[in-house]
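Single-structure report; data block below.
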Amino acid sequence: MKLILLGPPGAGKGTQAANLINSLNIPHISTGDIFRANIKNETELGKEVKSYLDEGRLVPDELTTRVVWDRLDQEDCKDGFLLDGFPRTIPQAEALKQGLVERGLKLDRVINVDVEKDVLVKRLAGRRVCKNCGATYHVAGKPTKVEGICDVCNSEVIQRDDDKEETVLNRIEVYENQTKPLIDYYTEEGLILTVDGTKPIDELSGEILDALK
Ligand code: AMP
């Protein structure tokens, strides 16, 4: 299965991805996670992309596409993958399409997780992540058992810099302007599966898995 998870920041793509890859047994490829890991490890790529992430702006298409293909060309992606957070612009979608054609591959489905803007702002501003293992929480919806401590690995749970309110609004605007047009793009390709991202997490995963069968 070669899948894309599309949706605004805060739609719950990462949470759905975690559920889906367990059932589908394919690697989860999140460009945001790749960039954050590189920033944390202070790699050359990390230094190059840090200011974009801090400000909620998109990393340039060419660089992002290169990073994605480096990952997709690895052995574990041969039988499928779940792309989360890529593509985010029409040029990225075109570059993905071209790369897939060159490799004789094609996408199976694009899952569009739909959530209204006011819900997104609330979700993102309350989101917390574990500094160590990346587990995600929400101060109201899914708090840690002990305040500020990860349930999974006991490390500190923090707010991502780009989840601060001003950056959140910027990220949503970037989504509206640059990423939303991909819904029409993939509708025309006959690949879109739109689901309601406000449904309970497990119910929604079940619905997506049923639709993929
Ligand atoms: P995410 O975790 O998917 O919300 O991504 C966090 C940040 O990483 C975004 O706000 C962008 O700065 C950057 N980023 C992630 N994916 C992409 C992409 N496909 N194209 C450009 N920038 C991206």
Side-chain angles (χ1 to χ4, degrees), residues 2-18 20-21 27-41 43 45-72 77 81-100 107 110-115 117 119-131 133-138 158-183 185-186 197:
K2 296 174 188 67
L3 304 171
I4 291 176
L5 259 181
L6 190 65
K13 297 191 296 296
T15 312
Q16 281 308 322
L20 296 175
I21 54 158
H28 172 208
I29 298 165
S30 155
T31 38
D33 285 351
I34 295 174
F35 291 144
R36 279 185 291 277
N38 277 275
I39 292 171
K40 191 175 163 195
N41 296 328
T43 65
L45 173 65
K47 283 177 205 155
E48 210 171 328
V49 302
K50 187 175 186 316
S51 65
Y52 293 100
L53 274 87
D54 285 348
E55 291 158 26
R57 289 183 298 131
L58 291 185
V59 174
D61 289 332
E62 211 189 295
L63 176 58
T64 306
T65 302
R66 210 174 335 126
V67 166
V68 169
W69 276 114
D70 277 351
R71 182 65 190 88
L72 289 182
C77 294
F81 48 77
L82 177 65
L83 279 172
D84 163 11
F86 181 92
R88 253 181 161 94
T89 64
I90 297 281
Q92 289 181 14
E94 292 285 1
L96 176 66
K97 188 171 164 182
Q98 193 194 331
L100 288 168
L107 291 170
V110 176
I111 304 153
N112 172 37
V113 187
D114 185 35
V115 177
K117 189 173 168 180
V119 178
L120 297 174
V121 178
K122 278 191 206 126
R123 278 192 182 179
L124 287 167
R127 180 158 79 173
R128 299 293 181 269
V129 299
C130 172
K131 240 174 137 170
C133 75
T136 52
Y137 300 92
H138 190 279
I158 54 159
Q159 183 175 41
R160 263 169 55 175
D161 280 342
D162 62 347
D163 282 343
K164 308 261 157 77
E165 187 163 338
E166 196 188 310
T167 316
V168 162
L169 293 173
N170 193 22
R171 287 166 66 207
I172 292 172
E173 198 182 314
V174 167
Y175 167 79
E176 300 271 343
N177 293 335
Q178 306 214 52
T179 308
K180 217 174 170 185
L182 290 177
I183 298 176
Y185 179 92
Y186 285 120

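Just follow the structure's listing: the first ligand is 1, and inside any ligand the first atom is 1. The basis for the numbers below is simple: all heavy atoms, side chains too, and nothing from hydrogens, waters or symmetry mates. Every value quoted in this text rests on a predicted model; they were computed, and no experiment measured them. By convention here, the first residue in the shown sequence is residue 1.
Taking CD1 of I39 as the start and NZ of K47 as the end, the distance is 12.0 Å to the nearest 0.5 Å.
Among protein heavy atoms, atom 20 (N) of ligand 1 sits closest to Q92 NE2, 2.9 Å. In this structure, atom 6 (C) of ligand 1 lies nearest to the protein heavy atom R36 NH1, 3.5 Å. In this structure, the protein non-hydrogen atom closest to atom 13 (C) of ligand 1 is F35 CD1, 3.8 Å. Remark: minimum distance from atom 16 (N) of ligand 1 to any protein heavy atom is reached at T31 OG1, 2.7 Å. Scanning the protein for heavy atoms near atom 1 (P) of ligand 1, the closest one is R88 NH2, 3.5 Å. The protein heavy atom nearest to atom 22 (N) of ligand 1 is V59 N, 3.0 Å.
In this structure, the side chain of D84 does not engage the main chain of H28 through any donor-acceptor pair within 3.5 Å. Panel note: side chain R88, backbone G85; a donor-acceptor pair is recorded below 3.5 Å.
Contact annotation: for K50 versus ligand 1, there are no heavy atoms closer than 4.0 Å. Contacts with ligand 1 closer than 4.0 Å are made by backbone heavy atoms (N, CA, C, O) of R57 only, the side chain lying farther away. With a 4.0 Å cut-off on non-hydrogen atoms, L58 touches ligand 1 through its backbone as well as its side chain.
Heavy atoms from other residues, nucleotides or ligands lying under 6.0 Å from NZ of K117 number 12 at most. Within a 6.0 Å radius of NZ in K50, no more than 12 heavy atoms belonging to other residues, nucleotides or ligands are found. Other residues, nucleotides and ligands place more than 12 heavy atoms under 6.0 Å from the CD atom of E176. The environment of E173 atom CD is sparse: at most 12 non-hydrogen atoms of other residues, nucleotides or ligands sit within 6.0 angstrom.
Polar contact check, P87 against ligand 1: no nitrogen or oxygen pair lies under 3.5 Å apart. Taking any N or O of R171, backbone or side chain, at least one lies under 3.5 Å from an N or O belonging to ligand 1.
One finds no salt bridge joining D163 and R128 here, because no Lys/Arg side-chain nitrogen approaches an Asp/Glu carboxylate oxygen to under 4.0 Å.
The atoms of ligand 1 that sit less than 4.0 Å from any heavy atom of F86 are 19 (N). Annotation for ligand 1: atoms under 4.0 Å from non-hydrogen atoms of T64 are 18 (C), 19 (N), 20 (N), 21 (C).
The only option from L3, L96, T31, L6 that meets the side-chain contact (heavy atoms from CB on, under 4.5 Å) definition with L83 turns out to be L96.
Remark: among candidates G85, P91, S51, P8, the nearest residue to atom 19 (N) of ligand 1 is G85, based on non-hydrogen atoms.
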